[in-house]
Amino acid sequence: MSEKYFFDFHPSKLTILKKNSDSSVTIAHENRIESKLPFHNEELIEAIKPFSNSETKQYFTWFSSQFTLIPNALFLPSQLENYYQLNFGELNPTESLFYDSIYEENLSLVYSIPNWFRDFKRNYFFNGELKHHASCLIKNSFKEQHKNFISILFEGKSFIMYIKKEGKLLVCNSFDYQDEEDLIYFILSHHKHLGLTENNTLKLMSYMEELNSEKIIGLIAHFKELCNYSVHFLNKLEYNSTLTCE
């Protein structure tokens, strides 16, 4: 396998990931995004240029906490704004809507991207493939050996939670939180509401910053419903590798 590059866009940061011939993933470049400054698009294209050429396909990922899942049986690309408004109200005029098709689950994921990112991709990488982090999370769940598990991806003061029970997707949503105690509350409430098994697998993934793993494990141990969970932590580099699964 030849080397490939993946361009991960966060509202404030571009990370260029390099997938090596042995499938290992490293960070090739990082660039701060200042979308309100003049010529920031030109700066981004200069950052990407050494890692891209017209002969290879470009892969882009985008992180945001505003997304919604629609069953394909009910999905129409012409109705993106209506789907978005049901969850988040009126779309900000500085943003545009996009969607990913997740054929494995017969779902479509609708999400917003900033207009500057839309224009950047349209003008420079029109044929590049774009996926939301939540879509990657769902697609990667099919590689899981466990039928019952919870995956949580952290970014700042929000996280994406994915729950599968007996091999079926039950939840994929974003939540705001303040601290580790809030996180345990969300896990415990979903455990009770969904009737999850006490021998569950919990995967906690760091995106922008590392987690306080000792505190989280200590909190989980206080609840009999969660104390038998098998808990795993993925650091930022380990999580990055999940974004490179085309």
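Computed from a prediction, not measured in an experiment: that's the story for all the values here.
Applying the side-chain contact (heavy atoms from CB on, under 4.5 Å) test to Ser12 and every residue at least two apart in sequence or in another chain returns His10, Arg32. Qualifying side-chain hydrogen bond (donor to acceptor under 3.5 Å, both in side chains) partners for Asn82, counting only residues two or more places apart in sequence or in other chains: Gln79. In this structure, Tyr83 has no side-chain hydrogen bond (donor to acceptor under 3.5 Å, both in side chains) partners at least two apart in sequence or on a different chain. Under the rule for a ring pair (Phe, Tyr, Trp, His ring centres under 6.0 Å), the partners of Phe7 that lie at least two apart in sequence or sit in another chain are Phe60. With sequence neighbours left out, the side-chain hydrogen bond (donor to acceptor under 3.5 Å, both in side chains) criterion links Ser135 to Asp100. Under the side-chain hydrogen bond (donor to acceptor under 3.5 Å, both in side chains) criterion, Glu30 pairs with Lys13, sequence neighbours left out. For Arg118, the side-chain contact (heavy atoms from CB on, under 4.5 Å) partners at least two apart in sequence or on another chain are Ser96, Ile113, Asn115, Arg122.
A salt bridge is absent between Lys19 and Glu3: the closest approach of a Lys/Arg side-chain nitrogen to an acidic carboxylate oxygen does not fall below 4.0 angstrom.
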Show me, pair by pair, the donor-acceptor contacts under 3.5 angstrom made by side chains of residues 40-48, not counting sequence neighbours?
| from | atom 1 | to | atom 2 | distance (Å) |
| --- | --- | --- | --- | --- |
| His40 | ND1 | Ser35 | O | 3.4 |
| Glu46 | OE2 | Lys49 | NZ | 3.0 |

Got a list of side-chain donor-acceptor pairs under 3.5 Å for residues 218-232, not counting sequence neighbours?
| from | atom 1 | to | atom 2 | distance (Å) |
| --- | --- | --- | --- | --- |
| Tyr229 | OH | His191 | ND1 | 2.7 |
| Ser230 | OG | His232 | NE2 | 2.9 |

Only distances under 3.5 Å count here; give the side-chain donor-acceptor pairs of residues 68-78 to other protein atoms, sequence neighbours excluded, each with its distance to 0.1 Å.
| from | atom 1 | to | atom 2 | distance (Å) |
| --- | --- | --- | --- | --- |
| Thr68 | OG1 | Asn87 | ND2 | 2.9 |
| Asn72 | OD1 | Ser108 | N | 3.3 |
| Asn72 | OD1 | Ser108 | OG | 2.7 |

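Within the structure, side-chain hydrogen bond (donor to acceptor under 3.5 Å, both in side chains) contacts touching residues 167-187 (residues at least two apart or in different chains) are Glu180-Lys215. Listed by first and then second residue, the salt bridge (Lys or Arg N to Asp or Glu O under 4.0 Å) pairs that reach into residues 139-150 are Glu104-Lys139, Glu144-Lys203, sequence neighbours excluded.
Each of Tyr111, Tyr239, Phe9, Phe159 was scored for a ring-ring contact (aromatic ring centres under 6.0 Å, His included) with His133, with one residue passing: Tyr239.
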